[in-house]
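In what follows, every heavy atom counts, from backbone to side chain, and hydrogens, waters and symmetry copies are set aside. A note on names: the letters A, B, ... follow the listed sequences, proteins ahead of strands, and every chain is numbered from 1.
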Number of protein chains: 2
Amino acid sequence: MADSDTRDRILDAAQDLVQRVGANAMSYQHLSDAVGIRKASIHHHFPGKSDLLVALITRYRHDFLRLVDQIADRPNLSGAAKLARYVRLFEATLQENACEKACPCGMLGAEVATLEPRAAAKLKEFYDDNRKRLAEILEAGRADRSLRFAGAAEVMAWTAFAFLEGAMLVARVDGGAKRFRESADAFVQMLEA
Amino acid sequence: MADSDTRDRILDAAQDLVQRVGANAMSYQHLSDAVGIRKASIHHHFPGKSDLLVALITRYRHDFLRLVDQIADRPNLSGAAKLARYVRLFEATLQENACEKACPCGMLGAEVATLEPRAAAKLKEFYDDNRKRLAEILEAGRADRSLRFAGAAEVMAWTAFAFLEGAMLVARVDGGAKRFRESADAFVQMLEA
DNA sequence: GTCTATATAGAGATAGAC
DNA sequence: GTCTATCTCTATATAGAC
């Protein structure tokens, strides 16, 4: 499993760089420096940059949705409580490592026009899955009367997801994690019954 | 004024590229191709890439705030109507040229970690100014009872701005201008009294 | 699986002629 | 103000030894 370990360390370094500077500002040389192996060795695990990005999105999607499902599938939690915990997943990412890290899929979203179709498709899956889970949480909240909003849950899910991704990016320019938190609280409060 | 004309054409091309692919994926060669003059001539007008980005943000900020002020300063418009028109400025940008263009300052926000301090400071000015204008619009709406929301107008302004910037970026991955519109309408509706 | 070495292309930038 | 020519550095990627 030494192979798989190196692979993960490369993905760790790549994810960190994507979250901080984006995919277009990340190079095999940076990964080489971060992981401590040569560029050619990175290419052995991920022949092209797109292979790396596809693997990165796939792994992040899997890990993140597992956390979301742990929230969404809890039967004794109100919809409002689920929504608050979902928001906290984004907040935790922003505060990782004391530097302000954005969501990797938010960063890649800004760069989508420069991604290969494979990577763009994987990215869209992440967005789709999140909107779907969010719609379920919102609908559950409306059913248990902990949330109140007009219109289709799918529309509000798109709105909430766009806000969270945007807030992570804006926070790094202006306000930081503190502003993210108070703004996210205000957003959730608008939906609470 | 032939000089100033070329300068503007370079900035036009640069803005188009930033909106579509971002600053890190934009090169002097791309600008050369788009404008029809050589790379060295671009460097004559903008010695370094940061000079170009600073000029780009400065011009966009000036032009955009002029449009915002035309909305905010209209005395016979309700706060809710002003907010709806502000949102439509972002919607119009997204639909420009039949391709989906993001806000240049939203794109640069994602890339802020790779910007020189001068450019990052100019970017922050754009964010600050927009939040300030939005807070005034929201407060006016609360005063004329066309809008209703809890807490400080500044917090809701940050929330609305983050949503709009995020929605433009998310829309290009998933849903397009149509989803942006229905989602933005839902957001405004949450604030309407 | 990792290395050295190399290939090829593109980046940002400058010198100096017209 | 624009050009040709060139410089230097970095990027992605591959060949082949260990």
Side-chain angles (χ1 to χ4, degrees), chain A residues 1-18 20-57 107-108 110-120 122, chain B residues 1-18 20-57 107-108 110-120 122:
Chain A
M1 295 285 109
D3 182 12
S4 163
D5 187 61
T6 302
R7 218 185 117 93
D8 275 338
R9 282 167 52 220
I10 296 168
L11 287 175
D12 289 342
Q15 185 176 314
D16 175 70
L17 281 163
V18 167
R20 289 193 289 114
V21 302
N24 288 327
M26 170 193 75
S27 73
Y28 274 62
Q29 186 58 57
H30 294 138
L31 294 172
S32 167
D33 296 339
V35 178
I37 60 175
R38 297 289 170 166
K39 279 191 297 176
S41 306
I42 316 273
H43 280 287
H44 170 75
H45 293 278
F46 303 100
K49 204 172 175 177
S50 287
D51 302 306
L52 175 59
L53 291 176
V54 167
L56 168 54
I57 301 166
M107 294 293 283
L108 292 170
E111 296 176 303
V112 68
T114 67
L115 297 180
E116 274 196 7
R118 281 179 302 155
K122 273 286 161 201
Chain B
M1 294 285 111
D3 182 12
S4 164
D5 187 60
T6 301
R7 217 186 118 92
D8 275 338
R9 281 168 52 221
I10 295 168
L11 286 175
D12 289 342
Q15 185 176 313
D16 175 69
L17 280 163
V18 167
R20 289 192 289 114
V21 302
N24 287 326
M26 170 192 76
S27 74
Y28 274 62
Q29 187 58 57
H30 294 138
L31 294 171
S32 167
D33 295 338
V35 178
I37 59 177
R38 296 290 168 167
K39 278 193 299 175
S41 305
I42 317 272
H43 280 287
H44 170 77
H45 293 277
F46 304 101
K49 202 171 174 177
S50 287
D51 302 306
L52 175 59
L53 291 177
V54 168
L56 168 55
I57 301 167
M107 294 294 283
L108 293 170
E111 296 176 303
V112 69
T114 68
L115 297 180
E116 274 195 9
R118 281 180 302 154
K122 272 284 161 204

N or O in side chain of A/Thr6 less than 4.0 angstrom from C/dT2 OP1/OP2: yes
Taking every non-hydrogen atom, the tightest pair across A/Ile57 and A/Ala119: CD1-O, 3.6 Å
Considering all heavy atoms, the nearest B/Ala113-A/Arg20 contact: CB-O, 3.1 Å
Between C/dG12 (P) and B/Leu115 (CG): distance, integer Å: 14 Å
Interatomic distance, A/Gln29 CD vs C/dG10 P [rounded to whole Å]: 20 Å
Any A/Ser41 side-chain N or O less than 4.0 Å from OP1/OP2 of C/dG1: no
Nucleotide D/dT10, atom P - distance to CG of A/Asn24 in whole Å: 18 Å
Full working for side chain to side chain contact (heavy atoms under 4.5 Å, CB included) between B/Val54 and B/Asp51: CA-CA 5 Å; B/Val54 168; B/Asp51 302 306; 5.9 Å; no
Per A/Tyr28 side chain, nearest of listed nucleotides C/dC3, D/dA13, D/dA5: D/dA13
Nucleotide nearest A/Arg38 when distance is taken to its side chain, options C/dT4, D/dT4, D/dA11: C/dT4
Spacing of B/Asp51 atom CG relative to C/dA13 atom P, expressed in whole Å: 8 Å
Separation of atom NZ in A/Lys39 from atom P in D/dC9, rounded to whole Å: 15 Å
Distance in angstrom units between A/Ile10 CD1 and C/dT2 C1', rounded: 11 Å
Any B/His44 side-chain N or O less than 4.0 Å from OP1/OP2 of D/dT2: no
Any donor-acceptor N/O pair, A/Thr114 side chain to B/Val21 backbone, under 3.5 Å: no
Phosphate OP1/OP2 of C/dT2: any A/His45 side-chain N/O under 4.0 Å: yes
B/Gly36 vs A/Met26, nearer the 5' end of DNA chain D by closest nucleotide: B/Gly36
Touch class at under 4.0 angstrom, heavy-atom based, for B/Ser27 against every strand present: sugar-phosphate
Candidates B/Val35, B/Asp16, B/Leu17, B/Ile42 - the one meeting side chain to side chain contact (heavy atoms under 4.5 Å, CB included) with B/His30: B/Leu17
A/His43 side-chain proximity, nearest of D/dT12, C/dT14, D/dA11: D/dT12
Nearest-Å distance for atom pair CG/P, residues B/Leu31 and C/dG12: 8 Å
d(CG, A/Leu53; P, D/dA11) in whole Å: 15 Å
